[in-house]
Amino acid sequence: MNRPCKELKRMARQNLSGRYGIPMAALLITGSIPMVAELPFSMLQKNSQPVSQTIIFYLAEFLISLLSVVLSAGMTQIHLSLARGKEYELNSVFFGFKNHPDRFILTGFLLTLMQIAALAPMLAAYFLFIKPNKSLDLTQVLISTLLTVISLILTVFLQLLYTFPLYLLLDDPNLTPTQAIHDSRILMKKHKGRLFYIYLSFIGMQLLNLLTLGIGSLWIMPYQKQTLTNLYLELRGELPSYDPVNP
């Protein structure tokens with residue numbers, strides 16, 4: 001029997017009890033390194049600038065996003081070790097750079113292409129109708145809204161299907177990026193609703209996090225990541241069968 005969301009979250013709290021320090025530090029590292037790398041390019045941005053400079057900016061943003069994927073692989077490794085009761089250390093956040101980073105980079109690249117494709121309807125609406133200083137009639141507003149909603153649905157759908165490629169790559173060094181993406185889709189085939197519910201269950205915490213100016217993320221994000229990790233392990237058959245009477 002599948003574990004309910006509350007049980008996966010209970011296990012996550014148990015995994016993290018007394019061990020929050022390294023996941024929190026890993027979260028800070030994976031967020032701060034890309035931010036520092038991106039800062040010089042943002043500072044050079046101007047309202048009026050050559051096209052070449054704009055291209056360089058977006059190219060840098062893209063490359064930095066791939067750097068983030070490799071760091072995310074290291075953070076995922078930490079959470080897998082936590083769930084499995086294995087040894088881990090803060091240096092594990094750089095695990096992806098030491099173990100065929102090309103696999104994680106290519107996976108991030110392919111997922112980014114898929115996300116861009118999902119946003120295509122919304123981008124089409126912008127270029128066709130929602131340009132600055134352009135008034136819209138009712139039909140154009142409705143079409144733009146519909147295309148935007150389609151993009152949002154596609155984006156959420158992709159997020160649910162492809163949550164676990166990095167986990168799969170970490171667990172199988174011989175797995176290729178395309179195989180990891182394919183296997184993630186197969187893994188989530190009948191569990192998208194469960195994953196969606198898990199994300200929804202954290203919305204209240206995320207709203208409260210706004211009151212802390214984002215500081216609460218240091219607790220919330222590791223908690224959410226560990227919950228997702230436990231779901232992954234359950235789907236892989238690594239967790240014992242769940243008995244709702246004696247969980």
Side-chain angles (χ1 to χ4, degrees), residues 1-17 19-20 22-24 26-27 30 68-88 92-93 95-96 99-100 103-104 106-108 110-111 114-115 155-203 205-206 217 219-244 247:
M1 182 176 180
N2 292 331
R3 284 171 170 76
C5 174
K6 65 179 182 180
E7 173 62 14
L8 292 171
K9 294 173 76 172
R10 183 197 65 78
M11 294 175 64
R13 292 192 299 272
Q14 187 176 46
N15 296 148
L16 289 165
S17 179
R19 305 181 186 93
Y20 252 106
I22 289 180
M24 289 170 68
L27 179 65
T30 57
S68 298
V69 174
V70 184
L71 288 168
S72 294
M75 186 166 66
T76 300
Q77 181 65 44
I78 289 174
H79 284 277
L80 281 170
S81 297
L82 267 169
R84 288 169 171 157
K86 295 184 177 180
E87 294 293 326
Y88 62 95
S92 298
V93 77
F95 179 90
N99 295 270
H100 300 288
R103 298 165 69 232
F104 304 111
L106 181 54
T107 300
L110 294 174
L111 292 175
M114 295 168 68
Q115 290 166 359
T155 299
V156 171
F157 186 72
L158 288 177
Q159 175 65 32
L160 296 176
L161 278 181
Y162 303 115
T163 293
F164 296 126
L166 293 184
Y167 290 81
L168 292 162
L169 288 173
L170 289 166
D171 275 346
D172 186 352
N174 297 316
L175 203 64
T176 66
T178 52
Q179 287 174 328
I181 291 172
H182 171 268
D183 289 354
S184 178
R185 184 174 71 249
I186 298 301
L187 199 64
M188 292 306 303
K189 188 173 182 180
K190 296 181 180 179
H191 300 278
K192 295 184 288 295
R194 292 180 69 200
L195 180 57
F196 185 64
Y197 184 77
I198 288 174
Y199 282 123
L200 286 180
S201 73
F202 282 94
I203 287 181
M205 289 186 181
Q206 297 292 359
S217 294
W219 286 268
I220 297 170
M221 297 311 295
Y223 180 21
Q224 178 174 300
K225 182 76 170 179
Q226 196 63 41
T227 302
L228 296 179
T229 301
N230 288 330
L231 173 63
Y232 167 76
L233 293 182
E234 183 188 59
L235 297 180
R236 293 272 288 181
E238 291 192 36
L239 299 183
S241 300
Y242 174 68
D243 182 353

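What you are looking at is a predicted structure, and each value in this text was computed from that prediction instead of being measured.
- Annotation: the span from R236 atom CZ to D183 atom CG amounts to 8.0 Å, rounded to 0.5 Å.
- Between L228 and L195 the shortest side-chain heavy-atom distance falls below 4.5 Å.
- Crowding of Y20 atom OH: a count of heavy atoms from other residues, nucleotides or ligands under 6.0 Å exceeding 12.
- The distance from the CG atom of L158 to the CG atom of L111 is 8.5 Å, given to the nearest 0.5 Å.
- Between the side chain of S184 and the backbone N or O of L161, at least one donor-acceptor pair lies under 3.5 Å.
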Check against side chain to side chain contact (heavy atoms under 4.5 Å, CB included), N2 and H191: CA-CA 10 Å; N2 292 331; H191 300 278; 3.8 Å; yes
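- Residue F157 holds its CZ atom at 9.5 Å from CE of M114, rounded to the nearest 0.5 Å.
- Residues W219 and L16 have side chains not in contact (no heavy-atom distance under 4.5 Å, counting atoms from C-beta outward).
- Between S201 and K9, some side-chain heavy-atom pair lies under the 4.5 Å cut-off.
- A donor-acceptor pair under 3.5 Å is formed between the side chain of R103 and the backbone N or O of L169.
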Test side chain to side chain contact (heavy atoms under 4.5 Å, CB included) on L80 and K86; report intermediate values, then the result. CA-CA 8 Å; L80 281 170; K86 295 184 177 180; over 6 Å; no
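- Taking 4.5 Å as the limit, every side-chain heavy atom of L233 sits out of range of all side-chain heavy atoms of Y167.
- Contact record, L106 with P177: CD2-CG, 3.7 Å, taken as the closest heavy-atom pair.
- Rounding to the nearest 0.5 Å gives a distance of 9.0 Å between CD1 of I198 and CD of Q224.
- In this structure, the side chains of L82 and T229 stay at 4.5 Å or more apart for every pair of heavy atoms.
- At a threshold of 4.5 Å between non-hydrogen side-chain atoms, the residues P222 and L27 count as touching.
- The main-chain N or O of R3 is found under 3.5 Å from a side-chain atom of R194 such that the two form a donor-acceptor pair.
- Counting heavy atoms from C-beta on, the side chains of M188 and Y162 never come closer than 4.5 Å.
- Within the model, atoms CD of E7 and CD of E234 stand 9.0 Å from one another, a figure rounded to the nearest 0.5 Å.
- Of the inter-residue distances, the one linking M11 atom CE with N230 atom CG reads 4.5 Å to the nearest 0.5 angstrom.
- Using modelled atom types, no side-chain atom of S17 and backbone atom of R13 make a donor-acceptor pair closer than 3.5 Å.
- Listed here is the closest heavy atom pair of S92 and I78: CB-CG1, 3.6 Å.
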Could you walk me through whether L170 and F104 satisfy the side chain to side chain contact (heavy atoms under 4.5 Å, CB included) test, starting with their C-alpha distance in whole Å, then the side-chain angles of each, then the deciding distance to 0.1 Å, before giving a yes or no? CA-CA 9 Å; L170 289 166; F104 304 111; 3.8 Å; yes
Do R19 and Q14 pass the side chain to side chain contact (heavy atoms under 4.5 Å, CB included) test, and can you show the C-alpha distance, the side-chain angles, and the key distance before you say yes or no? CA-CA 9 Å; R19 305 181 186 93; Q14 187 176 46; over 6 Å; no
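- Although no hydrogens or angles enter the test, the distance criterion places a donor-acceptor pair under 3.5 Å between the side chain of Q226 and the main chain of H79.
- One N or O on the side chain of T176 and one on the backbone of Q179 form a donor-acceptor pair closer than 3.5 Å.
- Side-chain contact check for D171 versus Y232: some heavy-atom pair is nearer than 4.5 Å.
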